[in-house]
Amino acid sequence: MKLFVFPLCIILLLNHADCSEIPAGFFTNHTNNWAVLVDASRFWFNYRHVANVLSVYRSVKKLGIPDSHIILMLADDMACNPRNPRPATVFNNANQHINVYGSDVEVDYRGDEVTVERLVRLLTGRLEPSTPPTKRLLTDDRSNVLIYMTGHGGDGFLKFQDAEEITSTELADAFEQMWQQRRYNNIFFMIDTCQAASMYEKFYSPNILAVASSQVGEDSLSHHLDSSLGVYVIDKYTYHALDFMEKLRKDSKKSMADFLRVCPRHQCVSTVGVRSDLFPRNPADVRVTEFFGSVRHVERTDRLVDLGDGDAETPVAVGTRAETAAPAPAGSYRYVAQFPVMS
């Protein structure tokens with residue numbers, strides 16, 4: 001079961017307040033991270049796509065994003081596939097020393113639940129009213145969202161379940177709806193499929209940084225085979241991206257510019273594509289953990305910060321003793337709802 005912890009957001013009204021009381025950087029444009037991880041392929045021979053997405057899942061959890069902020073979609077469950085000689089496991093390397101399925105994987109959408117319609121509804125917040133919070137993308141305009149997709153694709157589409165396709169136009173329109181609804185601060189879009197760059201060509205919404213494993217007209221290739229499983233276990237681009245992320249810690253200073261240089265052509269064979277014209281910041285100034293981790297911006301202060309509502313004296317603890325703060329001017333502060341309103 002997932003446990004949701006929503007930060008208490010406090011909005012400062014500047015008409016009466018003394019700004020010197022508030023620590024520098026107390027209010028930021030980015031307060032939480034989410035990840036949407038999608039494997040769109042089924043069937044045993046597509047084992048590597050499940051390994052791809054579970055490997056990214058493992059990395060973002062290690063860097064601090066909790067399961068409550070991760071939406072994991074698996075079109076096929078290789079751990080339970082009757083062809084799997086080692087049930088309840090999925091490996092991303094031939095040595096089989098890392099079981100990326102693990103003991104604490106929380107799959108939100110599995111099998112036939114993974115459809116184009118459900119992905120679009122998830123992104124735009126238009127799920128059925130009966131959908132539990134654990135299957136909802138409860139983001140806001142201060143959320144950085146990592147969206148990773150893997151599977152079989154072509155020029156302008158990604159196949160789902162070998163039965164339908166999501167087009168680059170549909171994905172671009174879903175992101176625009178998210179922007180209009182204030183459902184993200186920044187998006188990092190990452191896709192590993194053939195002709196992957198075609199999937200970000202139609203994007204037109206602001207604050208989106210995108211990377212793709214291959215250019216239009218190129219295939220995205222597998223990395224290596226596990227002979228005991230009889231299938232390829234990971235794709236080249238995701239393999240090298242994971243090699244980069246495995247070396248990161250939560251306090252890493254590595255930038256998105258460093259990450260975008262992962263897997264040059266001599267390693268990937270395909271040409272990695274990057275689109276940054278919609279992104280307002282220089283990727284060199286953005287830490288990888290702003291998308292792949294969950295680092296809170298915390299600044300310690302010994303000064304009193306009065307967060308009262310102006311109706312009564314409010315005790316404020318400083319260090320180990322409690323003091324009574326002077327009454328705040330009426331209307332100085334107000335509290336916003338802790339839980340988002342379900343549409």
Side-chain angles (χ1 to χ4, degrees), residues 24-37 52-53 55-66 69-70 92 139-150 175 178-179 184-193 196-197 199-201 203 205-215 220 223 234-268 270-299:
F26 189 84
F27 298 104
T28 64
N29 290 327
H30 166 219
T31 61
N32 57 95
N33 286 18
W34 286 74
V36 178
L37 312 177
N52 285 348
V53 78
S55 299
V56 176
Y57 171 81
R58 176 179 178 273
S59 292
V60 298
K61 282 188 67 174
K62 184 188 75 168
L63 290 172
I65 301 182
H69 282 204
I70 301 173
N92 64 1
T139 53
D140 55 35
D141 59 354
R142 293 193 172 196
S143 304
N144 278 5
V145 186
L146 163 67
I147 298 177
Y148 173 84
M149 304 180 74
T150 185
F175 287 170
M178 292 179 70
W179 176 252
Y184 73 85
N185 176 52
N186 292 308
I187 286 177
F188 179 54
F189 177 73
M190 179 180 174
I191 184 166
D192 191 350
T193 185
M199 291 300 293
Y200 63 55
E201 288 181 341
F203 291 175
S205 306
N207 296 14
I208 300 178
L209 179 64
V211 66
S213 61
S214 58
Q215 296 285 353
S220 183
H223 188 266
I234 197 166
D235 284 323
K236 285 182 180 291
Y237 177 74
T238 297
Y239 175 89
H240 290 286
L242 293 169
D243 183 58
F244 177 92
M245 287 191 286
E246 281 293 312
K247 300 169 185 174
L248 297 181
R249 299 187 308 172
K250 293 181 182 180
D251 59 351
S252 174
K253 293 181 172 57
K254 288 287 187 180
S255 71
M256 290 303 296
D258 298 322
F259 183 78
L260 295 175
R261 289 192 287 268
V262 165
C263 207
R265 187 173 176 82
H266 72 273
Q267 289 180 327
C268 266
S270 60
T271 307
V272 174
V274 175
R275 184 171 179 190
S276 59
D277 59 299
L278 298 171
F279 197 65
R281 300 166 63 190
N282 185 338
D285 298 329
V286 180
R287 291 191 181 185
V288 173
T289 51
E290 289 194 33
F291 289 102
F292 288 93
S294 186
V295 179
R296 297 287 182 179
H297 300 286
V298 177
E299 183 170 334

Any chance you could measure [X], atom [atom1], to [Y], atom [atom2], to the nearest 0.5 Å?
X      : Y      : atom1 : atom2 : value
Leu146 : Asn186 : CG    : CG    : 12.5 Å
Leu37  : Ile147 : CG    : CD1   : 10.0 Å
Asn92  : Arg58  : CG    : CZ    : 7.5 Å
Leu209 : Phe189 : CG    : CZ    : 11.5 Å
Arg265 : Thr271 : CZ    : OG1   : 4.0 Å
Ile65  : Phe291 : CD1   : CZ    : 10.5 Å

Check step by step if salt bridge (charged side-chain N to carboxylate O under 4.0 Å, His left out) holds for Arg142 and Asp140. CA-CA 5 Å; Arg142 293 193 172 196; Asp140 55 35; over 6 Å; no
If you look at every heavy atom in [X] and [Y], which pair is closest and at what distance?
X      : Y      : result
Ser213 : Ser220 : OG-OG, 3.1 Å
Cys268 : Tyr237 : SG-CA, 3.7 Å
Gly273 : Tyr200 : C-OH, 3.2 Å

Holding to salt bridge (Lys or Arg N to Asp or Glu O under 4.0 Å), I want the full list of residues that pass it with [X], two or more places apart in sequence or in another chain.
X      : value
Glu201 : none
Lys236 : none
Lys247 : Asp243
Arg287 : none

Within the distance-only criterion (no hydrogens, no angle test), does the side chain of Asn33 pair as donor or acceptor with the backbone N or O of Thr289 below 3.5 angstrom?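 The answer is yes, because a donor-acceptor pair under 3.5 Å joins these two groups.
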Between Ser214 (side chain only) and Ala196 (backbone N and O only), is there a donor and an acceptor less than 3.5 Å apart?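 Yes, the answer is positive, given that a donor and an acceptor are paired below the 3.5 Å cut-off.
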Show the numbers, then the answer: is there a side-chain contact (heavy atoms from CB on, under 4.5 Å) between Gln215 and Ser270? CA-CA 7 Å; Gln215 296 285 353; Ser270 60; over 6 Å; no
Over 60° means perpendicular and under 30° means parallel, so tell me whether Phe259 and Phe244 are parallel, tilted or perpendicular.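 The rings of Phe259 and Phe244 stand perpendicular, inter-plane angle above 60°.
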Partners of His223 by ring pair (Phe, Tyr, Trp, His ring centres under 6.0 Å), sequence neighbours excluded?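 Applying ring pair (Phe, Tyr, Trp, His ring centres under 6.0 Å) to His223 gives Tyr239, His240.
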Would you sort out whether Phe188 and Phe292 count as a side-chain contact (heavy atoms from CB on, under 4.5 Å), showing the intermediate values? CA-CA 9 Å; Phe188 179 54; Phe292 288 93; 3.7 Å; yes
For Asn207 and Trp179: C-alpha separation, side-chain torsions, deciding distance, then whether side-chain contact (heavy atoms from CB on, under 4.5 Å) applies. CA-CA 9 Å; Asn207 296 14; Trp179 176 252; 3.9 Å; yes
If the test is salt bridge (Lys or Arg N to Asp or Glu O under 4.0 Å), which one of Lys254, Arg281, Lys253, Lys250 qualifies with Glu290?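 Of all the options given, the one that passes is Arg281.
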With sequence neighbours left out, what residues match Thr238 under side-chain contact (heavy atoms from CB on, under 4.5 Å)?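 side-chain contact (heavy atoms from CB on, under 4.5 Å) list for Thr238, sorted by chain: Asn52, Val56, Tyr148, Asp192, Ile234, Leu242.
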Checking side-chain contact (heavy atoms from CB on, under 4.5 Å) for the pair Val288/Asp258: CA distance, chi angles, key distance, verdict? CA-CA 8 Å; Val288 173; Asp258 298 322; 5.6 Å; no
Can you spot which of Asn185, Asn32, Thr139 makes a side chain to side chain donor-acceptor pair (under 3.5 Å) with Asn144?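 The passing option is Asn185.
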